[in-house]
Structures are given as structure tokens and as C-alpha cells.
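To keep things clear, I will list the structure first and then write my remarks on it.
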Amino acid sequence: EPEVTQTPSHQVTQMGQEVILRCVPISNHLYFYWYRQILGQKVEFLVSFYNNEISEKSEIFDDQFSVERPDGSNFTLKIRSTKLEDSAMYFCASSATSGREEQFFGPGTRLTVL
Amino acid sequence: GENVEQHPSTLSVQEGDSAVIKCTYSDSASNYFPWYKQELGKRPQLIIDIRSNVGEKKDQRIAVTLNKTAKHFSLHITETQPEDSAVYFCAAIPKIGNKLVFGAGTILRVKS
């Protein structure tokens, strides 16, 4: 069964550094998402992406964040200058058509900002 | 915007008993309500979902009910097993957009 994959599984970085989290959505899916989960808390929406542009973003997704689909398979989340509070599990998800059907989640990247 | 409340935060049941988790939502126009199961350190995985034109849906030991008037939906797990132990999240998708808005999660412990 096709799965969303993410790399790396764990990223440790110093405050102020840039990080890029990578995702490979399921190949025939058209909608892509990033969510984050701070340890012990609920999953929070960051951004959705369709047709090579952001379709929706949350207030968390400020100017420090950006997303890109650099080729036909990868979907990336960049954090330009990491803060301590960016430490969280970041999940990529994808869905075949609109969001009103299953969104398939990747295994997550645990980001630790020191 | 949409807000989803989930109760209880923790739930312990004996193996074989039933478990019920309840969620309420604020946006009456929301029309898709999935439930995700997340085992420790793993990705959330969809276990069942329901759309607003349906009042109940069942899949083996799992069922979801939706009351649109009261804006609440519930997950029912019957004949619980130890492998049902996990965190369960309800979610809703508002009418506008396609983001999942999650509840705070319920830690379910099934004691054998």
C-alpha cells in the first residue's frame, strides 16, 4: 500500500539555523499538507498546498515558514530561522482530491531546536 | 474558525468492555469528521470517518455517530482489546478550506 514518506526522522538544530523537512506524498495525490504536534498536544494545521501554490495557511505559518514542491515528487517545509518553540513533530500529509476524504499522514520528522 | 473539543482526555477500560469518546464542533457548516488513531511515536492513522449527510457508520468493532443539530460526534469501540490502546483524535473539516481541525486527543488504555 502506498505511503507518505518523510526525511529525516529526527533533526536536531541550533536556534537561528535553517532547516528543511522533506516529504514524498503518495504519487497520485494532488493535495499536500503540513501539520505539527508539540509533545503531548494536539495536531495543528500549518499549511495546505494545491496546484503549486498555498491554498490555506494557519497563523502559525508566518514568514519564517515556506513550502515548495521542487519537483514532481518532493514537498518540502523550510523554517528559515528556528526558534526553541519550533521543536515539535512535523507531519506531512496528502490526499487524492479535496480534503473531504482521508488525508494520509507520513511518519513525521521530530525537530529539536537547541 | 472551527473549534473541536474532545472528552475525556484519558479513558481506562477493561478488555472486552466498550469505550466511547465524544467530540463537539463549533462550525455548523463542517461536513467531514474523521477519527485518527495514533500509537506512541507513530503517525496518525484514519480508523473511521463520517460525512454530514450520514448519522451513523460502522466498521466491525468501531462505529461513529453524528448529531448535526447538537454539533457532536462520538466514537464507539466495542469488545476492546489491548491493541486498541492508543491516542484517539477526532477532527473536523470546515466548509471553507480543507484543513483538519483536531481535538485534543483521548488516551485510551485497555487493561487485560
Side-chain angles (χ1 to χ4, degrees), chain A residues 1-7 9-10 21 23-26 29-51 53-61 67 88-110, chain B residues 1-10 21 23-27 29-54 57 59 62 64 66 73 86-107:
Chain A
E1 184 175 335
E3 286 190 333
V4 177
T5 60
Q6 290 184 244
T7 54
S9 56
H10 192 188
L21 310 183
C23 168
V24 179
I26 295 173
H29 284 186
L30 301 176
Y31 289 76
F32 315 117
Y33 315 85
W34 284 101
Y35 293 86
R36 79 171 185 191
Q37 185 178 33
I38 295 170
L39 189 63
Q41 297 186 22
K42 70 168 81 173
V43 178
E44 299 175 289
F45 169 79
L46 293 178
V47 65
S48 60
F49 192 86
Y50 170 70
N51 200 26
E53 60 183 27
I54 291 174
S55 50
E56 189 175 2
K57 60 182 181 179
S58 72
E59 56 273 11
I60 301 169
F61 194 88
V67 290
M89 181 74 90
Y90 287 80
F91 291 105
C92 174
S94 69
S95 62
T97 56
S98 76
R100 283 164 184 75
E101 61 173 65
E102 182 173 1
Q103 293 184 21
F104 292 81
F105 281 75
T109 292
R110 179 160 298 286
Chain B
E2 176 66 283
N3 183 49
V4 177
E5 300 285 339
Q6 182 172 348
H7 300 280
S9 56
T10 60
I21 302 169
C23 289
T24 60
Y25 59 98
S26 60
D27 183 351
S30 291
N31 56 15
Y32 177 67
F33 307 92
W35 285 89
Y36 282 83
K37 175 183 181 182
Q38 186 179 29
E39 296 176 9
L40 191 62
K42 296 195 175 179
R43 73 187 79 193
Q45 291 197 294
L46 183 77
I47 54 172
I48 196 166
D49 56 13
I50 192 166
R51 287 178 171 75
S52 58
N53 58 346
V54 174
K57 184 176 177 181
D59 183 3
I62 295 172
V64 56
L66 172 64
F73 57 113
V87 181
Y88 291 80
F89 290 98
C90 63
I93 290 187
K95 183 178 182 182
I96 306 298
N98 53 11
K99 67 181 180 191
L100 285 167
V101 178
F102 283 89
T106 296
I107 301 172

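All heavy atoms count here, side chains included; hydrogens, waters and symmetry mates do not.
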task: Determine the option with the most heavy-atom pairs under 4.5 angstrom with chain B, choosing from A:S48, A:G108, A:G106.
output: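 Top count of heavy-atom pairs under 4.5 Å with chain B: A:G106.
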Minimum-distance pair of heavy atoms, taken over all atoms of [X] and [Y]:
X      : Y     : value
B:L100 : A:F45 : O-CB, 4.0 Å
A:E56  : B:I96 : OE2-O, 4.5 Å
B:F89  : A:Q37 : CZ-NE2, 3.4 Å

- request: Counting only heavy atoms closer than 4.5 Å, note whether B:I107 contacts chain A via side chain, backbone, both or neither.
  value: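 Neither; nothing under 4.5 Å.
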task: Heavy-atom distances under 4.5 Å only: say whether B:F33 touches chain A with side chain, backbone, both or neither.
output: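 It is neither, since no heavy atom gets under 4.5 Å.
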List, one per line, each side-chain donor-acceptor pair under 3.5 Å for residues 39-49 of chain B, sequence neighbours excluded.
unit_1, atom_1, unit_2, atom_2, d
B:R43, NH1, A:V4, O, 3.3
B:R43, NH1, A:F105, O, 3.0
B:D49, OD1, B:K57, NZ, 2.8
B:D49, OD2, B:Y32, OH, 2.7

Any B:R51 side-chain heavy atom under 4.5 Å of A:E101 side chain: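 Answer yes - side chains close enough.
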task: Indicate yes or no: at least one non-hydrogen side-chain atom of B:F102 is less than 4.5 angstrom from one of A:Q41.
output: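 Counting from C-beta outward, B:F102 and A:Q41 never come under 4.5 Å.
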- prompt: Is there a donor-acceptor contact under 3.5 Å from the side chain of A:Q103 to the main chain of B:N98?
  reply: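 Yes: the side chain of A:Q103 pairs with the backbone of B:N98.
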- prompt: Where on A:Y50 is there a heavy atom nearer than 4.5 Å to chain B: the side chain, the backbone, both, or neither?
  reply: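 When you check distances to chain B, no heavy atom of A:Y50 falls under 4.5 Å.
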field: Part of A:Q6 within contact of chain B (heavy atom distance under 4.5 Å)
entry: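 The answer is neither part of A:Q6.
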- prompt: Hey, is NZ on A:K42 packed in by over 12 heavy atoms from elsewhere, all under 6.0 Å?
  reply: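 More than 12 within 6.0 Å, yes.
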task: With sequence neighbours left out, write down each residue that passes side chain to side chain contact (heavy atoms under 4.5 Å, CB included) with B:S26, or none if nothing qualifies.
output: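 Only B:E2, B:N3 meet the side chain to side chain contact (heavy atoms under 4.5 Å, CB included) criterion with B:S26.
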